[in-house]
Amino acid sequence: MSALQVSWPPGTECVAKYNFQGSTELDLSFCKGDLLTIIGVTKDPNWYKAKNSVGREGMIPANYVQKREGVKSGGKLSLMPWFHGKITREQAERLLYPPETGLFLVRESTNYPGDYTLCVSCDGKVEHYRIIYHSGRLSIDEEEYFDNLMQLVEHYTKDADGLCTRLIKPKLMEGTVAAQDEFSRSGWAMNMKDLKLKHTIGKGEFGDVMVGEYRGTKVAVKCIKHDATAQAFLAEASVMTQMRHTNLVQLLGVIVEERGSLFIVTEYMAKGSLVDYLRSRGRTVLGGECLLKFSLDVCEAMEYLEANNFVHRDLAARNVLVSDDNIAKVSDFGLTKEASSTQDTAKLPVKWTSPEALREKKFSTKSDVWSYGVLLWEIYSFGRVPYPRIPLKEVVPRVEKGYKMEAPDGCPVVVYDLMKQCWTLDPAGRPSFRLLREKLQHIRAKDLQL
Ligand code: AMP
């Protein structure tokens, strides 16, 4: 039985592997790289009914497309799966056995701390080349220098350039998965030649956010050029492959370059971050209906994360973006993890993080609910910084004693009540996002009746 006979349910997303020129009017033609959504099965398991990104429908051949899947192995993804850390010469030789010319790995040098060693199998023997680290650059022959190990490996993959052989096959570190392979396998790898980078629109902590164009669509691109930082962002990208909701900034694809740069391509959010949006328009432009709509948008995204057992950990108005048609979408999944994982508290934004998360690293959907309360306060105060006039170091002790921020000027009592419920000290006493969403919808329905 062919794999194609396991049928894809409607809603399955696919990426075209090849161009397809339909032969009848019922067919849906597409180009390599196009995104298609299955909308129905047919009697023939090799053909599906599908819709393209502009809503055109038709029949498509299943073997021309690849199903898009969530990348689940986020923590194991590596840009340098051939890097084995501190292992000895003997261990390296065992790992490169049985001999296969071109099989290689990189280890930390045991004799010269700070340097690395490239170990390559060649004609039944393992050669060990010292990679010296000199004023921030790496070299084997002291002629050719590289900024990082990835650039060095890329160079010797193309050409032996004095080594016994060119590097042909990486010996993968146990428990790691090559990031590029995993994004390709799951249908998320994009092609750099289809992406036009235009100009910078934002500076993230670790790299620039640029406006780009991907096959005619305006996109936002997070460009992470530094290899160590890129490694950290692989987890963010893999979390994003697992999520789909109108109120979450949608990942479109990922480009992993051999030289160590990472590009995370998402939908373009024309009106920028919610906090800037609120501050720049202010009370005179934004009415109550608009504030309630933003609150609901974010709540719906959080209800989705709650139902899927994801904890965002960094929910704040600066991490919500606004689309051209005024839809608020949650973004920045840098700290998002499955509910069970732990978190280093050093990087946490104190004013948004719940007391139990700050104190005991206890993150849960309920700690996201606390942050959501602060976000509601930000929305209704048009982007003010929370806990105004309280010095930062006094915030936590006061909050732990039960202090809660006052209602922002003009904030409806029913909304302020929700904020206070979110700031219940006992996490179990806080409402769920589902309940919050129901209450907000109720408030909206009543407002509309008035
Ligand atoms: P970040 O590093 O994600 O916090 O992004 C830094 C800034 O870049 C944000 O505050 C936004 O102004 C901008 N930005 C990030 N992602 C997008 C996007 N998808 N669309 C438009 N602007 C974005």
Side-chain angles (χ1 to χ4, degrees), residues 35 53 74 188 190 194-255 261-281 294 297-298 301-302 304-305 310 312-337 347-353 368 371 374-375 378-379 382-386:
L35 258 193
S53 56
W188 290 96
M190 278 184 164
D194 290 331
L195 180 67
K196 281 192 210 101
L197 290 174
K198 298 205 158 150
H199 56 269
T200 303
I201 45 167
K203 292 243 181 263
E205 237 180 288
F206 299 111
D208 291 349
V209 180
M210 298 187 76
V211 172
E213 199 181 291
Y214 184 77
R215 301 157 57 88
T217 304
K218 203 167 180 181
V219 294
V221 188
K222 208 175 245 188
C223 310
I224 303 127
K225 295 252 160 75
H226 189 270
D227 54 331
T229 320
Q231 178 67 44
F233 274 88
L234 290 176
E236 173 168 349
S238 70
V239 161
M240 293 179 85
T241 64
Q242 298 174 53
M243 298 176 179
R244 174 163 280 277
H245 189 275
T246 342
N247 299 109
L248 293 176
V249 172
Q250 182 59 46
L251 178 72
L252 300 172
V254 178
I255 297 169
S261 302
L262 176 69
F263 299 88
I264 300 179
V265 184
T266 64
E267 64 178 308
Y268 176 65
M269 301 291 287
K271 293 186 176 158
S273 93
L274 179 60
V275 72
D276 295 338
Y277 186 86
L278 293 163
R279 284 177 190 163
S280 59
R281 273 78 173 178
F294 286 148
D297 282 348
V298 175
M302 297 311 295
Y304 171 86
L305 295 190
F310 274 105
H312 188 285
R313 295 164 198 244
D314 198 9
L315 185 60
R318 64 180 171 278
N319 289 335
V320 174
L321 299 172
V322 183
S323 70
D324 197 29
D325 46 358
N326 292 327
I327 300 174
K329 304 194 185 206
V330 174
S331 133
D332 266 284
F333 302 95
L335 298 178
T336 305
K337 298 210 173 71
K347 296 181 209 142
L348 295 172
V350 167
K351 291 182 173 181
W352 281 263
T353 308
D368 278 352
S371 314
V374 181
L375 169 61
E378 292 184 273
I379 293 177
F382 298 90
R384 281 188 80 183
V385 177

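For ligands, and for the atoms within them, numbers begin at 1 and follow the listed sequence. In what follows, every heavy atom counts, from backbone to side chain, and hydrogens, waters and symmetry copies are set aside. The structure displayed is predicted, hence computed values, not measured ones.
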Student: Output the distance between atom CE (Met302) and atom CG (Leu248), rounded to the nearest 0.5 Å.
Tutor: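 Met302 atom CE to Leu248 atom CG measures 8.5 Å (nearest 0.5 Å).
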
Student: Can you tell which of Leu321, Thr200, Ile224, Leu252 gets a heavy atom nearest to atom 11 (C) of ligand 1?
Tutor: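 The option holding the nearest heavy atom is Leu321.
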
Student: Could you tell me whether a side-chain N or O of His245 sits under 3.5 Å from a main-chain N or O of Leu305, the two making a donor and an acceptor?
Tutor: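 Such a contact is absent between His245 side chain and Leu305 backbone.
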
Student: Do Tyr268 and ligand 1 have an N or O pair less than 3.5 Å apart?
Tutor: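 No; the residue has no nitrogen or oxygen that sits under 3.5 Å from a nitrogen or oxygen of the ligand.
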
Student: Kindly say whether the aromatic ring centers of Phe333 and Phe310 come within a distance under 6.0 Å.
Tutor: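 Phe333 vs Phe310: aromatic centres not under 6.0 Å.
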
Student: Would you check the N or O atoms of Asp332, main chain and side chain alike, for any that come under 3.5 Å of an N or O of ligand 1?
Tutor: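 In this structure, Asp332 places an N or O atom under 3.5 Å from an N or O of ligand 1.
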
Student: Which is closest to atom 20 (N) of ligand 1 by heavy-atom distance: Met269, Lys271, Glu236?
Tutor: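 Heavy atom nearest to atom 20 (N) of ligand 1 belongs to Met269.
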
Student: Using a 4.0 Å cut-off to any heavy atom of Ala220, which atoms of ligand 1 qualify?
Tutor: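 In order of number, 17 (C), 18 (C), 19 (N), 20 (N).
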
Student: Under 4.0 Å from a heavy atom of Ile201: give me the atoms of ligand 1 that qualify, with their elements.
Tutor: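 By the 4.0 Å cutoff, the relevant atoms are 21 (C), 22 (N), 23 (C).
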
Student: Answer yes or no for Arg313 and Trp352: cation-pi contact, defined as NZ/CZ to six-membered ring centre under 6.0 Å and angle to ring axis within 45°.
Tutor: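 Not flagged: Arg313 not positioned over aromatic ring of Trp352.
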
Student: Have Tyr268 and Asp324 got a donor and an acceptor in their side chains that come within less than 3.5 Å?
Tutor: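 Note: Tyr268 and Asp324 side chains miss the donor-acceptor criterion.
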
Student: Show which atoms of ligand 1 fall inside a sub-4.0 Å distance from at least one heavy-atom site of Thr266.
Tutor: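 Those qualifying, in numeric order: 19 (N).
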
Student: Answer yes or no for Glu267: is there a heavy-atom contact with ligand 1 below 4.0 Å?
Tutor: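 Yes.
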
Student: Go through the structure and list residues passing side chain to side chain donor-acceptor pair (under 3.5 Å) with Ser273, not counting sequence neighbours.
Tutor: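 For Ser273, the residues satisfying side chain to side chain donor-acceptor pair (under 3.5 Å) (neighbours in sequence not counted) are Asp276.
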
Student: Could Lys218 and Glu267 be called an ion pair, given the rule that one side-chain N must be under 4.0 Å from one carboxylate O?
Tutor: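 No.
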
Student: Lys222 versus ligand 1: do any nitrogen or oxygen atoms come within less than 3.5 Å of each other?
Tutor: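 Yes; the residue has a nitrogen or oxygen that sits under 3.5 Å from a nitrogen or oxygen of the ligand.
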
